[in-house]
Amino acid sequence: MKPIVQKLIDVLGPESVRSGDAIEPRYLGDWSGRSAVAPLAVVLPRTVSEVSDVLRLCNEAHQSVVPQGGMTGLAGGSIPSGKDVCISMERLVGIEELDRAAATMTVLAGTTLQTVQDAAQAAGFEFALDLGARGSCQIGGNLATNAGGIRVLQSGTAREQVLGLEAVLADGSVLSSMNKMVKNNTGYDLRNLFIGSEGTLGIITRAVLRLKPRRAARSTALCALNDYDGAVALLRALQSTFGDEIGAFEIMWPEFYDFGVSLTRSGQSPLGNAYPLYALIEQAGFSDDHGERFAAALNAQLEAGVVLNAVVAQSQAETQALWAIREATAELPVKLEPINFDVSLPIGEIGHFVDACRRDFRARWPTHHGVYFGHIGDSNLHVTLDARSIPGVTVEEVDRALYGMVRDYKGSISAEHGIGLLKRSFLGYSRSPAELACMRAIKHALDPRGILNPGKVLPAADNQEGI
Ligand SMILES: Cc1cc2nc3c(=O)[nH]c(=O)nc-3n(C[C@H](O)[C@H](O)[C@H](O)COP(=O)(O)OP(=O)(O)OC[C@H]3O[C@@H](n4cnc5c(N)ncnc54)[C@H](O)[C@@H]3O)c2cc1C
């Protein structure tokens, strides 16, 4: 046994340190599908002070560590190498306080998103962040990746749901910025350094989350559309009537929609015929008549010819059935051999970009099968290619083709999933050399020995595409 593992056992006790065959497979890999190897050890701290002890010992021993949340990430950020010690946050759980006056909830980082959502609901509030992995992903992981999800249009990304944060730095010191105030302009915003840093600058241990007033009810509609420009026109028309009551505006191109429908219980499209484009829209208001107003607005868009057909869910079961089509994303790794992309583009360009991808991929790989969907109100497009449809083509070839197009469109290679392992060598497609140098300087200042999640986010200096 390596001396560092024995030291960790001495401090945490044998029950909180796993090594060798005692490491369960769930600590080896996330949802990115990257092949997984067993780490040197997995530690399961129960308190912030234990997280601090682990980091102090590892820093002294120049031992690399990989923070692990719910392991639902799609960029490989929590995947260890055989030399790493994984720090699983799954035991650092609990809601410490719900402050009604401040409308905040203080939680430990290992608490799942679903637990936070349910507690907020029970107290008459709402926690705005929502995504398909809600039952497994943790608040710490959500913040470390600055997760987006389906309500960004209404409430912003994970970053906007946080007022205060506590993180343990590489040397074990605890940096507490557990601010509860909305306004606090006292120098650098340290909390935001850790949000989106994917475990490379510190381990998030606590957060003060913002709660929102609970909306009276939600209306959900599935609309058929002519084309992408019509989708943007519909989004803007609905927003001009309802403002931030439009909570979700999910666009599905037919390849994805058909996949989603094929997995539903009936296997039939709720809209009957096939259409060029589909929008799943959620409106959540505060007044009792908001559902009628939403239906009337959609009717007006039907009469204007922007919407070709629509169904509005009449019950919770119908709402769930409509969302099941969009949440078929969870089945992509089961039914396909997915090569996933999560990119950002200027909203007006997304339709052209999808057309360009189809053209480019058809020319390169005539047999390819791809699906397209996204939160277009947040400028976010997801593309998945089925590797089985392009035998002999490497993931790197597909990455280079797609990210090259993203660069040409002045987009971003990661909208919400982060950089992790999968995209690090393409970071230079979306960030300038000056920005990368600044990121390296911050990393060096906070983690001079480079023990925190090494090899994630920042590319090695000799492995930078396009720089
Ligand atoms: C079905 C499904 C749907 C999804 N939908 C969305 C979506 O709509 N929008 C979206 O943005 N993402 C989505 N995701 C991706 C994923 O759920 C999010 O990225 C989530 O925020 C990751 O949380 P996690 O706890 O699982 O983190 P992990 O996967 O365990 O870790 C992710 C990264 O954060 C780091 N990390 C984890 N915990 C901490 C901590 N406490 N301190 C510091 N670093 C930490 C890890 O080292 C790693 O780099 C989806 C995933 C699935 C499987």
Side-chain angles (χ1 to χ4, degrees), residues 26-34 45 48 51 55 64-80 84 86-93 107-116 129-152 156-159 161 165-170 175 193-207 248 250 323 326-334 338 340 342 344 373-375 378 380 382 414-424 447 452-457:
R26 68 197 161 99
Y27 300 112
L28 308 194
D30 61 9
W31 278 61
S32 65
R34 260 290 169 108
V48 175
V51 176
L55 282 174
S64 57
V65 300
V66 177
Q68 294 189 331
M71 306 296 282
T72 67
L74 296 166
S78 53
I79 297 182
D84 299 324
C86 294
I87 304 180
S88 169
M89 301 300 282
E90 68 190 33
R91 288 180 175 171
L92 197 74
V93 293
V107 301
L108 288 161
T111 311
T112 65
L113 173 57
Q114 177 98 58
T115 305
V116 169
L129 185 71
D130 194 20
L131 47 97
R134 61 183 79 76
S136 312
C137 62
Q138 302 174 1
I139 290 298
N142 297 151
L143 298 181
T145 55
N146 186 26
I150 54 182
R151 304 249 162 76
V152 174
T157 62
R159 192 183 294 286
Q161 318 311 323
L165 201 79
E166 178 186 85
V168 182
L169 303 184
L175 183 69
L193 268 185
F194 299 96
I195 300 173
S197 69
E198 300 180 56
T200 60
L201 299 181
I203 297 194
I204 298 167
T205 43
R206 279 194 173 89
E250 302 291 309
W323 271 105
R326 171 62 181 82
E327 292 194 342
T329 42
E331 292 297 310
L332 287 170
V334 181
N340 291 319
D342 154 50
S344 253
F373 57 99
H375 325 275
D378 322 331
N380 185 181
H382 296 295
S414 176
E416 57 177 6
H417 295 162
I419 298 297
L421 263 183
L422 267 56
K423 303 183 188 177
R424 61 185 175 158
D447 179 19
L452 278 164
N453 224 356
K456 313 288 170 51
V457 182

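Whatever order the structure lists ligands and atoms in, that order sets their numbers, starting from 1. Just so we're clear, the structure is a prediction, and the values are computed from it rather than from any experiment.
Those atoms of ligand 1 with a heavy atom of Trp31 less than 4.0 angstrom away are 53 (C). Residue Gly77 has at least one heavy-atom neighbour below 4.0 Å for each of these atoms of ligand 1: 47 (O), 48 (C), 49 (O). Every atom of ligand 1 is numbered from 1 in the order shown, and the set under 4.0 Å from a heavy atom of Gly202 is 43 (C). Remark: ligand 1 atoms within the under-4.0 Å shell around heavy atoms of Ala147 are 11 (O), 21 (O). Of all atoms in ligand 1, numbered sequentially from 1 with element shown, those under 4.0 Å from a heavy atom of Ile203 are 42 (N), 43 (C).
Side-chain contact annotation: Thr200 with Asn453, donor-acceptor N/O pair under 3.5 Å absent. In this structure, a donor-acceptor pair under 3.5 Å is present between the side chains of Thr205 and Glu166.
Across all non-hydrogen atoms, the minimal contact from Pro80 to Gln68 is CD-NE2, 4.0 Å. The shortest non-hydrogen separation linking Gln161 to Gly156 is NE2-O, 3.2 Å. The two residues Lys456 and Ile79 have their closest heavy-atom pair at NZ-O, 2.8 Å. The shortest heavy-atom contact between Trp31 and Thr72 is CD1-CA, 3.5 Å.
The proximity of Asn453 to ligand 1, defined as any non-hydrogen pair under 4.0 Å, is limited to the side chain. The side chain of Met89, and not its backbone, has at least one atom closer than 4.0 Å to an atom of ligand 1 (non-hydrogen atoms only; side chain from C-beta on). When heavy-atom distances to ligand 1 are checked against a 4.0 Å cut-off, Lys456 has no atom that comes that close, whether in backbone or side chain.
Note that CZ of Arg206 is 14.5 Å distant from CD1 of Ile139, once rounded to the nearest 0.5 Å. The line from CG of Leu55 to CD1 of Ile203 is 4.5 Å long, rounded to the nearest 0.5 Å. We find the CG-CG distance between Leu113 and Asn142 to be 5.0 Å, quoted to the nearest 0.5 Å. Annotation: the span from Arg151 atom CZ to Leu129 atom CG amounts to 9.5 Å, rounded to 0.5 Å. Rounding to the nearest 0.5 Å gives a distance of 9.0 Å between CG of Leu422 and CG of Leu74. Gln138 CD to Leu92 CG: the interatomic distance, rounded to the nearest 0.5 Å, is 9.0 Å.
Considering backbone and side-chain atoms together, Leu74 places no N or O closer than 3.5 Å to any N or O of ligand 1. Residue Glu416 has at least one N or O atom closer than 3.5 Å to an N or O atom of ligand 1. Ligand 1 has an N or O atom lying under 3.5 Å from an N or O atom of Asn142, backbone or side chain. Looking at Thr145 next to ligand 1, an N or O pair under 3.5 Å apart turns up.
Asp30 pairs by the side-chain hydrogen bond (donor to acceptor under 3.5 Å, both in side chains) definition with Ser32, not counting sequence neighbours. Under the side-chain hydrogen bond (donor to acceptor under 3.5 Å, both in side chains) criterion, Glu416 pairs with His375, His382, not counting sequence neighbours.
Using a 4.0 Å cut-off between charged nitrogen and carboxylate oxygen, Glu90 and Arg26 count as a salt-bridge pair.
Of the options Gly199, Ala158, Pro67, the smallest heavy-atom separation from atom 47 (O) of ligand 1 is shown by Pro67. One option in Ala167, Gly76, Pro333, Ser78 has a heavy atom closer to atom 31 (O) of ligand 1 than any other, and that option is Ser78. Remark: among candidates Gln68, His382, Glu198, the nearest residue to atom 49 (O) of ligand 1 is Glu198, based on non-hydrogen atoms.
With hydrogens left out, the protein atom closest to atom 8 (O) of ligand 1 is Gly149 CA, 3.4 Å, a heavy atom. The protein heavy atom nearest to atom 28 (P) of ligand 1 is Met71 N, 3.6 Å. With hydrogens left out, the protein atom closest to atom 29 (O) of ligand 1 is Gly73 N, 2.7 Å, a heavy atom. Scanning the protein heavy atoms around atom 27 (O) of ligand 1, the nearest turns out to be Gly141 CA, 3.6 Å. Protein heavy atom at the shortest distance from atom 11 (O) of ligand 1 is Gly148 N, 2.9 Å. Atom 41 (N) of ligand 1 has Ile204 O, 3.0 Å as its closest protein atom, hydrogens excluded (heavy atom only). The nearest heavy-atom contact from the protein to atom 52 (C) of ligand 1 is Ala133 CB, 3.6 Å. Atom 35 (C) of ligand 1 has its closest protein heavy atom at Ala144 CB, 3.7 Å.
By the 4.0 Å heavy-atom criterion, Gly420 is excluded from the residues contacting ligand 1. Residue Val66 places every heavy atom at 4.0 Å or more from ligand 1.
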